[in-house]
Amino acid sequence: MPKQIDTILINIGQLLTMESSGPHAGKSMQDLHVIEDAVVGIHEQKIVFAEKKGAEADYEADEIIDCSGRLVTPGLVDPHTHLVFGGSREKEMNLKLQGISYLEILAQGGGILSTVKDTRAASEEELLQKGHLHLKRMLSYGTTTAEVKSGYGLDKDTELKQLRVAKQLHESQPIDLVSTFMGAHAIPPEDKDRPDEFLDRMLDLLPEIKAEELAAFADIFTETGVFTVSQSRRYLKKAAEAGFGLKIHADEIDPLGGAELAAELRAVSADHLVGASNEGIQQMAESGTIAVLLPGTTFYLGKHTYARARDMIDAGVRVSLATDFNPGSSPTENIQLIMSIAALHLRMTAEEIWHAVTVNAAYAIGKGDEAGQLKAGRSADLVIWQASNYMYIPYHYGVNHVHQVMKNGTIVVNREGGIHG
Ligand code: IZC
Ligand code: ZN
């Protein structure tokens with residue numbers, strides 16, 4: 001008697017299961033296992049099998065999805081976003097054209113601080129509606145799990161408001177969200193001359209955030225004109241003591257030693273790393289801290305020096321990629337575009353890139369056991385692409401290659417289209 005299950009995907013041209021017992025480090029990111037002519041079985045929201053054709057022989061399904069030779073991969077994981085915010089910053093584009101830098105705009109009370117003003121003024125309802133719009137777009141590009149940071153409040157009420165909105169968003173739309181408390185994103189104008197007292201006030205929020213289960217991670221912007229390495233060390237140590245996983249905005253613009261700090265504190269991830277030193281890279285390889293690279297931000301800031309992904313991979317670092325979706329330095333929900341920029345400017349291969357947006361990204365947000373891989377028992381989160389092979393996605397840039405997105409066994413995005421490549 002065949003076993004009855006909900007759904008079988010047949011005629012998969014290429015299947016990437018990304019099956020792995022941990023994040024891929026360094027050169028092993030090149031080892032991509034591709035199954036040609038594959039099938040995937042799904043029952044009660046979970047994967048039953050994801051294998052070569054033939055595995056379906058013992059099963060019958062209520063629904064057959066014919067993939068007609070398309071590529072199928074795990075749902076993508078975007079491990080660094082700032083997607084809950086008020087307002088937008090299109091007016092800063094002209095300032096950039098005049099040669100005013102990101103940190104100069106911030107020092108003049110714009111940049112992050114302009115979004116802080118708008119986020120403080122926005123109601124919870126407004127933030128929710130806006131968040132829904134952005135998440136709908138992220139999902140349409142194939143993202144089924146994402147991280148989201150607070151940090152546009154910089155006061156108790158607004159930080160908690162942002163985190164509560166993120167929790168409601170997690171519960172009310174398909175993308176699974178992991179929250180990070182980033183009260184240490186900038187120094188608000190009212191605390192301009194007392195950054196340490198400001199950080200203490202943000203640390204005081206940790207017990208409440210923990211009790212309400214509003215965030216799993218704490219993060220800080222370690223940068224010139226924002227927080228120093230020693231302020232960051234003190235802050236993150238307290239956050240770790242309070243039970244939070246650690247993330248750091250490290251060496252984004254100026255090389256301050258953020259990578260070394262991340263390794264020293266055994267942070268789960270260090271993000272940006274454009275200016276990371278050789279020592280910092282080596283230490284991250286040893287500590288297992290995942291590098292979350294954000295090349296869309298470098299591109300959008302109009303810079304020509306990108307994070308040294310090749311050196312990181314050679315040194316054995318676990319590398320991941322994210323959009324950094326935010327209203328200032330990376331206004332895009334499109335992780336496929338980031339995959340193309342990673343190929344062109346980080347010189348990462350397609351094989352490395354697929355690890356960076358699935359399994360490694362999931363580990364970077366503490367979800368390695370749940371997301372980023374297709375294997376029996378896991379949630380059926382997957383993308384059916386309008387392409388026949390995995391190399392095609394970073395290659396044909398700036399457009400959306402999604403055919404269908406499945407979340408927990410249900411098709412949640414359906415875009416008609418042919419097959420490229
Ligand atoms: O709103 O500018 N780098 N934080 C640190 C950001 C970029 C987000 C922003
Ligand atoms: Zn960021």
Side-chain angles (χ1 to χ4, degrees), residues 78-93 95-96 100-120 122 127 130-131 134 138 146-154 158-159 162 166 177-188 202 215 217-227 232 246-256 258 262 267-275 290-303 307 320-333 335 338 361 364-365:
D78 189 343
H80 183 137
T81 87
H82 304 249
L83 73 89
V84 177
F85 56 84
S88 55
R89 307 209 312 246
E90 59 273 34
K91 294 197 177 99
E92 288 176 11
M93 262 196 127
L95 299 178
K96 275 173 51 171
I100 306 174
S101 77
Y102 175 86
L103 288 180
E104 282 163 348
I105 294 171
L106 177 61
Q108 291 169 13
I112 296 173
L113 294 176
S114 126
T115 303
V116 168
K117 225 179 272 162
D118 291 337
T119 307
R120 286 178 177 178
L127 292 178
K130 220 162 131 59
H134 294 308
M138 283 175 80
E147 185 255 16
V148 51
K149 299 174 197 297
S150 71
Y152 292 127
L154 314 182
T158 317
E159 287 295 317
Q162 262 193 289
L177 294 175
V178 173
S179 290
T180 297
F181 171 59
M182 203 180 175
H185 192 191
I187 305 165
M202 292 298 108
F217 291 95
D219 193 345
I220 188 164
F221 193 11
T222 307
E223 187 58 71
T224 306
V226 194
F227 299 106
S232 303
L246 302 183
K247 292 181 163 287
I248 311 183
H249 279 61
D251 305 323
E252 172 178 353
I253 295 161
D254 289 335
L256 298 186
V268 174
S269 76
D271 302 36
H272 287 291
L273 299 168
V274 177
I290 296 176
V292 177
L293 304 184
L294 309 163
T297 307
T298 309
F299 168 78
Y300 198 79
L301 289 174
K303 304 226 166 156
S320 154
L321 289 163
T323 57
D324 194 16
F325 175 54
N326 76 70
S329 62
S330 189
T332 185
E333 298 93 339
I335 193 148
I338 305 307
I365 55 173

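Note that this is a predicted model, so its numbers are computed, not measured. All ligand and atom numbering here is 1-based and tracks the order in the structure.
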What I'd like to find out is whether the side chain of [X] reaches to under 4.5 Å of the side chain of [Y], using heavy atoms alone.
X	Y	answer
Thr222	His249	no
Val268	Phe217	yes
Lys149	Lys247	yes
Thr323	His80	no
Leu273	Leu293	yes

Region of Glu92 that comes within reach of ligand 1 [heavy atoms, distance under 4.0 Å]: neither

Side chain, backbone, both or neither: Glu223 near ligand 1, heavy atoms under 4.0 Å: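 Neither; nothing of Glu223 gets under 4.0 Å from ligand 1.
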
Validation row, ring centre Phe85 to ring centre Phe325 under 6.0 Å: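 They qualify: ring centres under 6.0 Å apart.
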
Ring centroid separation His82 to His134 under 6.0 Å: no

Separation between CD of Gln162 and CG of Leu154, rounded to the nearest 0.5 Å: 8.5 Å

Metal-centred angle, NE2 of His249 through the Zn ion (ligand 2) to NE2 of His82, rounded to 10 degrees: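 Result: 110°, to 10°.
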
Charged tip of Lys96 within 45° of Tyr300 ring normal and under 6.0 Å: yes

Of the N, O or S atoms in Asp324, the one nearest the Zn ion (ligand 2): OD1

His80, N/O/S atom nearest the Zn ion (ligand 2):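 Relative to the Zn ion (ligand 2), the closest nitrogen, oxygen or sulfur of His80 carries the name NE2.
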
Sub-3.5 Å N/O-N/O distance, Glu252 and ligand 1: yes

Test of proximity, Arg89 against ligand 1: N or O pairs below 3.5 Å: yes

From the candidates Tyr102, Tyr152, Phe221, the one that places a heavy atom nearest atom 6 (C) of ligand 1: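 Ranked by closest heavy atom to atom 6 (C) of ligand 1, first place is Tyr102.
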
Relative to the heavy atoms of [X], which atoms of ligand 1 are at a distance of less than 4.0 Å?
X	result
Asn326	1 (O), 2 (O), 8 (C), 9 (C)
Ser329	7 (C)
Ile112	1 (O), 2 (O), 4 (N), 9 (C)

Atom 4 (N) of ligand 1 - nearest protein heavy atom and its distance: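 Atom 4 (N) of ligand 1 sits closest to the protein heavy atom His185 NE2, 2.7 Å.
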
N/O/S atom of His272 inside 2.8 Å of the Zn ion (ligand 2), strictly under: no

